[in-house]
Every structure is written in C-alpha cells, then in structure tokens.
2 protein chains.
Amino acid sequence: MISQTEENYLKAIYQLSQKNDTPISTNAIAKQMQTAASSVTDMVKRLSSKELIHYQSHKGSTLTEKGNIIACNLIRKHRLWECFLFDTLNFTWDEVHDIAEQLEHIQSNELIDRLDRFLGYPKFDPHGDPIPDKDGNFVVREQYPLSELSEKEKGTIVGIREHTKSFLAYLEQFNLLLGQHIEVLKIFNYDQSVKIRIGEHEIHTVTQKIANNLFIKKD
Amino acid sequence: MISQTEENYLKAIYQLSQKNDTPISTNAIAKQMQTAASSVTDMVKRLSSKELIHYQSHKGSTLTEKGNIIACNLIRKHRLWECFLFDTLNFTWDEVHDIAEQLEHIQSNELIDRLDRFLGYPKFDPHGDPIPDKDGNFVVREQYPLSELSEKEKGTIVGIREHTKSFLAYLEQFNLLLGQHIEVLKIFNYDQSVKIRIGEHEIHTVTQKIANNLFIKKD
DNA sequence: AAATATTTTTAGATTAGTCTAAAAATATTT
DNA sequence: AAATATTTTTAGACTAATCTAAAAATATTT
Ligand SMILES: [Mn+2]
Ligand SMILES: [Mn+2]
Ligand SMILES: [Mn+2]
Ligand SMILES: [Mn+2]
C-alpha cells in the first residue's frame with residue numbers, strides 16, 4: 001500500500017516534471033512540499049525502493065511508469081473532485097483546491113468512476129486544467145496567453161497559468177472567469193498592458209503579468 | 001489538531017457508549033478497533049490528556065463534552081456521505097459504509113453544510129440510521145423490531161439493528177429494503193419465525209433472528 | 001481467604017515521517 | 001587549480017501509532 005504522504009511526494013515530482021524535463025532535485029521537492037531537504041532524501045530513498053521513482057544520489061528523481069500512473073490518477077481525482085465542489089456544491093473556484101487536496105486521497109476506483117459519470121465526464125476542471133481519463137490521456141487544446149494575441153483578436157478565456165488565491169481573487173474582481181468572451185482592443189507599447197472588452201460591455205486594462213497568465217482560445 | 005486515528009477511537013467509544021451506559025473498558029475498545037489492548041491504553045492516555053475523554057486507570061473511558069461533539073459530528077459526516085453515495089452516485093446500501101469510513105475524515109465544515117443542503121437535509125441514512133444535525137440532535141422515531149409485532153399488524157421497514165454485509169445481502173435477496181410495506185401474516189409458535197407479506201405480492205417467512213434485527217414503523 | 005483467571009498496564013521495540021546540525025559531494029568563483 | 005559557495009546526504013533525535021511479552025491489578029472460583 002501507498003500512504004497519503006507518499007502520494008503527495010509523487011504528485012510533487014509529477015508537477016515539477018511538467019515544467020522541467022531533467023531529473024527533479026531534492027531541493028526542488030523540498031521547496032514544493034515545504035519540508036526539510038533531509039526529509040526528502042529519506043522519502044526518495046523509500047519511493048525508489050518501492051520502484052515508484054528512479055533516484056540516484058546527488059542526481060535527482062524521476063517517476064517510473066508505476067509512479068507516473070499513481071501521480072496521474074491523483075491529478076484525475078483532484079480535478080474531478082474540484083468539478084464536483086464547483087458544479088454540484090457551488091463552491092467558488094478559489095475554494096475548491098484545498099478541499100480537493102484531501103478528497104484526492106480517498107481510495108476507491110468505483111467512487112471515481114461513478115463521480116466521473118455523475119459529472120458527465122468533464123474534460124476540464126474549474127481552473128481550466130485538463131482532467132486525464134482512466135488511462136492518463138489529457139485533451140490538448142489550442143490556447144495562447146492573452147499577451148500573445150494581437151489587437152482586434154477575439155477569444156474565450158479557457159485557462160490560467162497561475163493558481164494563487166490572489167490571482168484568482170483578482171480575476172473574480174474583474175469578471176475574468178472561464179468561458180468569458182474577450183476582445184483585444186489595444187496593446188500599449190509602453191508597458192505591454194492590454195485593453196480588453198470582457199463579455200458584451202465591460203472594458204478593462206490588464207498588466208502584462210496578468211495577460212501572460214491568462215490562456216485564451218481564439219474564436 | 002486531531003488525527004484520523006484519534007477520531008476513530010472517539011467514534012468507537014461513542015458507539016460502545018450507545019449500547020452501554022458504564023465506562024468503556026480498554027478491551028472493548030481494543031475489540032472494536034481491532035488493535036492490541038496495549039495500543040488502546042496508550043491512546044486513551046493521549047485522548048485523556050487532550051481532554052477528549054475521561055479515563056481512569058483500570059476503570060475505563062467515557063467521552064467528555066468536547067469528545068462527544070467530535071464523535072457526533074463524525075457520525076453526521078459518515079451518514080451524510082452515505083446518503084450521497086447512495087442517492088446521488090447510486091451505490092447499493094452494502095457498498096456505502098467502507099467508502100464513508102474514509103470520507104468522514106475530510107475536514108471542512110463548509111463542505112458538510114453544502115452537502116447537507118444538496119441532499120435536502122436528510123434525516124436518515126441508507127440504513128435507516130438517524131443523521132444528527134449540526135448541534136448533535138437526532139430525530140427519534142417510534143419503531144419496533146418485527147419480532148414484536150402481532151399477527152395482522154402492518155408497517156414499513158425503517159431500520160436495521162445489524163449492519164453486517166451478510167445481513168444486508170440477505171435483506172437485498174428478499175427485497176426487504178427500507179420503505180417496503182409489510183404485513184405480519186403468521187407467527188409460528190414453534191420457533192418464533194414470522195410469515196410476512198412484502199409489498200403487494202411477495203410472501204416470505206423469516207427466522208426470529210431476522211425478525212429481531214428489522215425495525216418496523218407501524219402504520 | 002487463597003488460588004486462579006482475566007483484564008489492564010508497563011516495558012521495550014518497530015515503522016513512518018519529520019526535524020536540526022554536521023559532513024560530504026558538487027558547482028561556481030577567483 | 002584552489003578557494004568558496006551551494007546542494008545533498010548522513011547522523012542522530014523526536015512523535016504518533018503500533019506491536020509482543022511480562023508485570024500488575026482486578027475479578028472469579030474454590
Ligand atoms: Mn487544485
Ligand atoms: Mn484545478
Ligand atoms: Mn456506515
Ligand atoms: Mn449507515
């Protein structure tokens with residue numbers, strides 16, 4: 001059996017591997033998990049002996065096939081529970097993550113299958129992140145950071161790069177929610193800020209930082 | 001903070017206290033929790049130091065006000081999750097308990113409030129057991145074991161005394177499910193077995209043991 | 001009341017997961 | 001190439017939760 005703690009380490013390694021193609025350093029895991037590096041060394045040895053990761057002293061860790069399946073399934077469970085919390089129980093998108101962190105560890109394949117069916121086999125979670133199917137396949141979607149669109153281009157908000165509470169709160173404030181239609185009205189050369197129309201009426205100018213963290217599907 | 005293990009001990013003590021009005025013995029807890037008695041001694045000392053139970057060496061344990069609130073809330077969560085699994089995800093009543101054992105430990109009052117609302121504030125779980133409200137109040141229901149009904153009496157199945165898989169499987173087999181209307185046709189003096197009509201047409205004779213474990217609300 | 005049986009606690013060990021401080025290995029700068 | 005800085009591992013300790021075996025306390029039988 002695999003413990004919740006072990007699962008969390010596998011997930012951390014999985015997530016760090018998305019950004020980075022090289023083996024994941026002990027320090028990087030420590031930072032992600034908010035633990036001491038020495039704790040990580042202990043844990044990667046254990047995970048390695050269970051053949052869930054490849055680990056070489058001083059050279060970092062990568063998931064094995066087995067480890068990858070577990071991590072991917074954890075992501076699947078996390079995101080399906082986020083859908084449930086958002087769609088069914090009407091939590092807001094900034095509230096769902098913390099509860100899903102707990103729910104993702106519930107052990108029952110049947111439960112996840114039935115939850116998936118109940119939710120209508122969603123392909124994306126409330127943050128626009130793709131939900132892998134049972135075999136770990138993700139839907140890929142053509143999307144661009146808002147900062148890469150040109151003036152006059154139109155599209156729909158489909159995802160976000162950052163998931164911090166403060167970013168989510170900002171977006172909520174200005175109604176920059178998933179599914180909103182936007183049009184790029186003007187790009188200011190001076191600081192790369194972007195003036196957009198949100199929905200039918202609202203006009204708002206966002207900084208380059210915001211524009212960089214908002215994913216748009218072009219119409 | 002209180003750990004899942006501590007919660008499970010509190011629940012065990014709570015449940016044993018329902019049947020028994022005296023302090024709960026270390027051995028009784030050990031049996032319920034399927035652990036060594038020495039492990040229980042360690043744990044009751046810890047729970048006592050946290051003021052969740054009253055414990056005196058060699059004299060047993062009882063819940064404090066604080067411990068009782070936690071245990072009761074755990075029961076509430078367990079039963080609400082069972083409702084969700086049964087009503088919303090269409091699990092059968094013999095499947096829900098094991099998954100609810102895990103779900104009951106999810107920490108979020110907001111989640112339970114919303115789940116309660118979503119389910120329509122149910123008063124009883126899929127086994128007919130009452131669901132305490134936020135303040136720990138249970139609905140009391142006038143019910144009798146089938147074995148206490150007389151010939152010709154009619155009623156509705158509203159609960160069960162035993163919760164074992166084999167008992168649930170038996171009841172399912174003969175359609176003796178919650179909400180079914182029954183009528184006592186004949187009580188056999190010889191072995192106290194009871195011939196009943198189930199619903200409109202079915203006729204079945206149950207042993208005294210079965211009759212004793214089925215709760216009926218008289219019409 | 002003494003002997004015997006049962007229950008409960010203590011003693012001592014183990015495992016998972018964590019920490020701090022020191023040592024060792026690797027990377028960077030001079 | 002040597003000195004310095006950074007990263008990683010080791011050493012040793014701690015807590016929660018568990019166990020077995022032995023000791024102590026309590027209950028039952030004779
Ligand atoms: Mn999340
Ligand atoms: Mn998400
Ligand atoms: Mn149950
Ligand atoms: Mn139940």
Side-chain angles (χ1 to χ4, degrees), chain A residues 1-13 16-17 19-63 66-67 70-71 74 101-102 104-105 107, chain B residues 1-13 16-17 19-63 66-67 70-71 74 101-102 104-105 107:
Chain A
M1 258 298 87
I2 183 163
S3 73
Q4 288 198 191
T5 310
E6 288 170 330
E7 285 189 333
N8 283 332
Y9 272 92
L10 292 178
K11 194 174 56 156
I13 296 168
L16 292 164
S17 300
K19 306 274 153 189
N20 214 317
D21 216 16
T22 56
I24 306 306
S25 75
T26 298
N27 258 6
I29 299 170
K31 194 178 169 194
Q32 178 92 351
M33 296 289 295
Q34 310 244 70
T35 58
S38 56
S39 305
V40 175
T41 302
D42 285 351
M43 181 53 89
V44 293
K45 282 178 181 171
R46 228 197 340 276
L47 293 174
S48 179
S49 80
K50 287 191 175 188
E51 301 195 314
L52 298 170
I53 64 172
H54 298 293
Y55 161 71
Q56 274 189 291
S57 191
H58 291 95
K59 293 196 171 166
S61 305
T62 53
L63 293 175
K66 234 166 107 186
I70 292 170
L74 213 59
E101 283 290 297
Q102 297 181 61
E104 71 189 6
H105 297 291
Q107 305 272 10
Chain B
M1 258 299 87
I2 183 163
S3 72
Q4 288 199 190
T5 310
E6 288 170 330
E7 285 190 334
N8 283 333
Y9 273 91
L10 292 178
K11 194 174 58 157
I13 296 167
L16 292 164
S17 301
K19 304 274 153 191
N20 214 317
D21 215 17
T22 57
I24 306 306
S25 74
T26 298
N27 258 6
I29 299 170
K31 193 179 170 193
Q32 178 94 351
M33 295 289 295
Q34 311 244 71
T35 58
S38 56
S39 305
V40 175
T41 302
D42 284 352
M43 181 55 87
V44 293
K45 282 178 181 170
R46 227 197 341 276
L47 293 175
S48 179
S49 79
K50 289 191 175 188
E51 303 195 311
L52 298 170
I53 65 173
H54 298 295
Y55 161 71
Q56 273 189 292
S57 189
H58 290 95
K59 293 196 171 165
S61 305
T62 54
L63 293 176
K66 235 168 103 185
I70 292 170
L74 213 60
E101 284 290 298
Q102 297 182 61
E104 70 188 7
H105 297 291
Q107 304 271 11

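Lettering of chains follows the sequences in order, A, B, ..., and the numbering in each one begins at 1.
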If you count the non-hydrogen atoms of other residues, nucleotides and ligands that lie under 6.0 Å from CD in B:Gln56, is the total more than 12?
no
For C:dT9, does either OP1 or OP2 sit under 4.0 Å from a side-chain N or O belonging to B:Tyr55?
yes
Picking from C:dG17, D:dA25, D:dT7, the nucleotide nearest the side-chain atoms of A:Asn27 would be D:dT7
In terms of the nearest nucleotide of DNA chain D, which residue is placed more toward the 5' end: B:Met33 or A:Ser57?
A:Ser57
Given B:Lys50 and B:Glu6, is the side-chain contact (heavy atoms from CB on, under 4.5 Å) satisfied, shown in steps?
CA-CA 10 Å; B:Lys50 289 191 175 188; B:Glu6 288 170 330; 2.9 Å; yes
Counting C-beta onward and ignoring hydrogens, is there a side-chain heavy-atom pair between B:Ile13 and B:Ile53 closer than 4.5 Å?
yes
Would you please confirm or rule out a distance under 4.0 Å between OP1 or OP2 of C:dT18 and any side-chain N or O of A:Thr35?
no
Given atom CZ of A:Arg46 and atom P of C:dT15, what is their separation to the nearest angstrom?
12 Å
OP1 or OP2 of C:dT7 less than 4.0 angstrom from a side-chain nitrogen or oxygen of B:Thr26, does that happen here?
no
Which nucleotide, D:dT8, D:dA17, C:dT9, lies nearest any side-chain atom of A:His58?
D:dT8
Assigned partner base of C:dA1, Watson-Crick or wobble definition, under 3.5 Å
D:dT30
OP1 or OP2 of C:dT10 under 4.0 Å from side-chain N/O of B:Lys45
yes
Which whole-number value in Å describes the distance from B:Met43 CE to D:dC19 P?
11 Å
Does atom CD of B:Glu51 have more than 12 heavy-atom neighbours from other groups under 6.0 Å away?
no
Can you tell me how far C1' of C:dT18 sits from CD of A:Gln34, to the nearest Å?
14 Å
Where the side chain of A:Thr5 is defined as all heavy atoms beyond and including C-beta, which of D:dT18, C:dC19, C:dG17 is the nearest nucleotide?
C:dG17
Return the pairing partner of D:dC14 with a 3.5 Å limit on both distances, Watson-Crick or G-U wobble; otherwise return none.
C:dG17
Can you find a side chain N or O atom of A:Thr41 that sits less than 4.0 Å from OP1 or OP2 on D:dT8?
no
Rounded to whole Å, please give me the gap between CG in A:Leu47 and C1' in C:dA16.
12 Å
Starting from P on D:dT26, measure out to CD on B:Gln56 and report it in whole angstrom.
11 Å
Need to verify one output field. Residue with the more 5' nearest nucleotide on DNA chain C, A:Ala36 or A:Lys50?
A:Lys50
With a 4.5 Å heavy-atom cut-off, do A:Ile29 and A:Tyr9 have their side chains touching?
yes
Rounded to whole angstroms, how far apart are CG on B:Asp42 and P on C:dA11?
11 Å
At 4.0 Å (heavy atoms only), tell me whether A:Ser39 reaches a base, stays on the sugar-phosphate, or touches nothing.
base
Atom-to-atom span, NZ of B:Lys59 to C1' of D:dT26 - whole angstrom:
11 Å
Need one value for B:Ser38: base, sugar-phosphate or nothing, where a base atom within 4.0 Å counts as base even if backbone is also close, heavy atoms only.
base
Who passes salt bridge (charged side-chain N to carboxylate O under 4.0 Å, His left out) against A:Glu7, sequence neighbours left out?
none
So, is A:Ser3 close to the C:dA16 phosphate, meaning a side-chain N or O under 4.0 Å from OP1 or OP2?
no
Check the distance between C:dG17's P and A:Leu10's CG and give it to me in whole angstrom.
11 Å
Any strand is fair game: report the nucleotide pairing with C:dA25 by Watson-Crick or G-U wobble, both distances under 3.5 Å, or none.
D:dT6
A:Tyr9 side chain: which of D:dT10, D:dT20, C:dT18 is closest?
C:dT18
